[in-house]
Amino acid sequence: MTSPTAHAEAGVSDPSPNGDITPLRQVTVRFAGDSGDGMQLAGNRFADTSAAFGNDLFTLPDFPAEIRAPAGTLPGVSSFQIQIADWDISTSGDRPDCMVAMNPAALKTNLMDLRQGGTLIVNSEAFDERGLAKAGYEDSPLMDGSLNQYDLIEIPMNTITKEAVADKVSGRSVLRSRNFVALGFLAWLFQRPLEPIITWTESKFAKLPMVVAANLAALRAGYNFGITTETSRSIFQVKPASLPPGVYTSITGNTALAWGLIAASYCAKLPLYYGSYPITPASDILHELARHKRLGVRTFQAEDEIAAIGAVIGASFGGSLAVTGSSGPGISLKSEAISLALTAELPLVVVNVQRAGPSTGMPTKPEQTDLLFSLFGRHGESPLPVLACATPSDVVETTIEAARIALKYMTPVILLSDNHIANGSEPWRVPDAADLPDISVPFASAPNGAGGRFLPYLRDFNTFSRPWAIPGTKGLEHRIGGLEKENISGDISYNPDNHQLMTDSRAWKVANIANDIPPVEVHGELDANLLVLGWGSSKGTMGAACRNLNREGYKIAYAHLRYLNPLPANLGDVLHSYEKVLIPELNTGQLRYVVRANFLKDAFGLNKVTGTPFYIGEIRDRILEVLES
């Protein structure tokens, strides 16, 4: 294990143990094992105890799409990476400094990522002839010298687990606590408190007291193994981070989106209606919202995607803050109904948690490949506002903003997240409810035309939005549906000039939102000739790479976009003020296409669709290439 030599976000470090306890400013740890080994549980508990200790952190779960691939095989490997630090970080780290490999398959699929000289902890008893064969090893890597470049720690986890839980559980349940052995050892190695893990375990398995006893016995056995055997030459300590004062909680992107919707309903003074069909990786939003009925949340698990958005459109017409959520394939099915909501000019939020596609693709892997689809993936001339979340801690604020725009401008809004944000976690400072914005809009309450007539398309002078008249309001009866309406009166119209006017009006309404959003902010060196521009989940790694290079003396500026349609009003001026522009994104160049089309500004790209997020080092290397070009 090595300790960082500087306040650097790329993990640059050199070996400098200091006595028995080696202080670290940051460390990246990865748990890897079979999908049945409980790596997500162990990683999340390590994250929670680190958060309770006061570290800043960022996590990256990675698991197969199959419910359970064959045990011990390469496709069945699940992993969980976490970076913890004593300062404000924005990524889950590049290469792990420490890795736990529960079996040969986990070692084979993850070893190439472990930093040279890093700590490698293995369940030595899993490296038997059968386990090695399943992973494709001819000889044991524990014996052939191929791991000499790492600090290898072999732990007989099966034996430790059996001895710890022998009087508590029996049969096939005996080895299910192996992940707690690994977790206990990691808690000792990095001086993590056990109390948060114990409290969670007692709560999670409260109805299964023998499972609680077995897991806690295994946890303490792993911790004590570190103390009694001294298998590591040193233990490591990352001190608490200095973060702004406040109440913090560790939050995933999907949980944050659910909480953001609840907060938006509070800010809008409207009941929340969420209708969706289960789909990876968006399903957890529905699960979380279903827990909060007491807060006025109504959830509807529909029989399919089309039924879900149909119900949501009805909820919007009825006066709710209406939201549907899905991923790429589901948004495709919803596209016709989104166009209906657009032409009816009803407010709703459409959440797209992007995943690697097309079609089923790689459902548990991240991509940013739905940008152009979000901008243009509907029939007819149908522009919509599009916003993108950046990090788990950014999601609540961005969700409230999406709801604000939908309500103020009477339009559907597409809110983009992705698998990296959805399942990743970091500390989030809980705001005071009194500090949340008021995004409420009034319902129409009386006729607005001559002779007591209600005119449903008599638009607001400033926003161009039409009045929101909910059913049952006396005197406000009006037509609703997909047929083109006459301007002002709302009568069905096939008049060519009227269709032109209504098409232009809907487009202008969305374009005008650019005057109601903040200008893009540029960070970094004022006299830079290179601007690095990003959106979505690339924010953390992009910003970290740029800040590291700024500290090394390179003149680089960087900016990140939350608003993708309309784009910030000053973006064109910003882009043209730099000689070179680089756009990193997890697609084949979609934002670069938009920038070229809108501003006639060429840009360099950094693009990949591997189902993995960017590494800081990847962006750093591309920046240096562009600077030298």
Side-chain angles (χ1 to χ4, degrees), residues 261-276 289-290 292-303 306-325 334 336-350 384 400 402-413 438-493 502 505-506 509:
L261 292 174
I262 296 171
S265 73
Y266 169 83
C267 296
K269 303 178 177 63
L270 294 173
L272 173 62
Y273 184 94
Y274 185 84
S276 76
L289 287 173
H292 299 290
K293 294 179 182 178
R294 63 184 178 83
L295 299 177
V297 178
R298 298 186 183 99
T299 54
F300 171 52
Q301 179 175 318
E303 65 268 30
I306 298 172
I309 191 166
V312 167
I313 292 172
S316 175
F317 182 50
S320 292
L321 174 58
V323 185
T324 189
K334 296 178 191 287
E336 180 183 1
I338 294 173
S339 294
L340 169 60
L342 180 149
T343 195
E345 300 191 46
L346 289 171
L348 58 99
V349 177
V350 179
L384 288 181
I400 295 173
R404 180 191 75 87
I405 291 173
L407 296 172
K408 183 174 181 179
Y409 294 92
M410 290 292 287
T411 180
V413 173
D438 182 355
I439 63 172
S440 60
V441 297
F443 294 129
S445 57
N448 58 354
R453 186 183 180 191
F454 177 58
L455 304 173
Y457 284 89
L458 181 61
R459 299 181 180 277
D460 179 89
F461 178 79
N462 294 311
T463 65
F464 240 48
S465 61
R466 74 174 189 88
W468 193 3
I470 62 173
T473 307
K474 185 177 180 180
L476 304 190
E477 297 85 356
H478 61 285
R479 293 179 178 86
I480 195 78
L483 289 172
E484 184 64 281
K485 303 300 185 293
E486 184 179 66
N487 183 44
I488 300 179
S489 73
D491 295 336
I492 294 171
S493 173
M502 293 295 280
S505 297
R506 290 187 289 263
K509 179 177 68 172

Do L289 and L272 touch side chain to side chain, with heavy atoms closer than 4.5 Å?
yes
Does any pair with a residue in residues 468-483 pass salt bridge (charged side-chain N to carboxylate O under 4.0 Å, His left out), and if so which ones, sequence neighbours excluded?
R479-D491
I need the minimum non-hydrogen distance between P447 and G475, along with the two atoms involved.
CG-O, 4.0 Å
Do the side chains of P467 and F454 get nearer than 4.5 Å, heavy atoms only?
yes
Rounded distance (nearest 0.5 Å) linking atom CG of L270 with atom CG of L407
6.0 Å
Once rounded to the nearest 0.5 Å, what's the spacing between atom CD1 of I309 and atom OG of S316?
10.5 Å
Decide yes or no for K509 and T463: does some side-chain heavy atom of the first lie under 4.5 Å from some side-chain heavy atom of the second?
no
With rounding to the nearest 0.5 angstrom, report the OG to CG distance, S339 to L384.
7.5 Å
Heavy-atom distance under 4.5 Å between the side chains of T473 and F443, does that happen here?
no
Give the minimum heavy-atom separation between A344 and G481, together with the two atoms involved.
CB-O, 4.2 Å
Rounded to the nearest 0.5 Å, the OG atom of S445 sits from the CD1 atom of I470 at a distance of 10.5 Å
Suppose we screen for side-chain contact (heavy atoms from CB on, under 4.5 Å). Which residues come up paired with E336, at least two apart in sequence or across chains?
H379
With salt bridge (charged side-chain N to carboxylate O under 4.0 Å, His left out) as the rule and sequence neighbours excluded, what pairs involving residues 456-470 come up?
E345-R459
Can you list the residues that meet the side-chain hydrogen bond (donor to acceptor under 3.5 Å, both in side chains) rule with N448, with sequence neighbours excluded?
none
Apply side-chain contact (heavy atoms from CB on, under 4.5 Å) to A302 and list each qualifying residue two or more places apart in sequence or on a separate chain.
F300, A307, A308
I'd like to check D438 versus K269 (side-chain heavy atoms, cut-off strictly below 4.5 Å). Are they in contact?
yes
Looking at every heavy atom in both Y274 and G325, which two are closest together, and how far apart are they?
OH-CA, 3.3 Å
List in chain and number order the residues that pass side-chain hydrogen bond (donor to acceptor under 3.5 Å, both in side chains) with K334, two or more places apart in sequence or in another chain; answer none if no residue qualifies.
E305, T324
Mind checking side-chain contact (heavy atoms from CB on, under 4.5 Å) for A406 and listing every partner two or more places apart, or none if nothing turns up?
P347, V349, V413
Distance in Å, K485 NZ paired with I492 CD1, rounded so as to fall on 0.5 Å steps
6.0 Å
Holding to ring-ring contact (aromatic ring centres under 6.0 Å, His included), I want the full list of residues that pass it with Y266, two or more places apart in sequence or in another chain.
none
Rounded to the nearest 0.5 Å, what separation is found between the CD1 atom of I313 and the CG atom of L340?
4.5 Å
Using salt bridge (Lys or Arg N to Asp or Glu O under 4.0 Å) as the criterion, list what pairs up with R506, not counting sequence neighbours.
E484
Between G319 and W468, what is the shortest heavy-atom contact and its length?
CA-CZ2, 3.7 Å
Test side-chain hydrogen bond (donor to acceptor under 3.5 Å, both in side chains) applied to N462 - qualifying residues, sequence neighbours left out:
none
Would you indicate whether the side-chain heavy atoms of R453 and S489 approach each other to under 4.5 Å?
yes
Taking all non-hydrogen atoms of both residues into account, name the closest pair between P271 and S265 and its distance.
C-CB, 4.5 Å
Suppose we screen for side-chain hydrogen bond (donor to acceptor under 3.5 Å, both in side chains). Which residues come up paired with Y273, at least two apart in sequence or across chains?
none
If the condition is side-chain contact (heavy atoms from CB on, under 4.5 Å), which residues does A263 pass it with, not counting sequence neighbours?
I400, L436
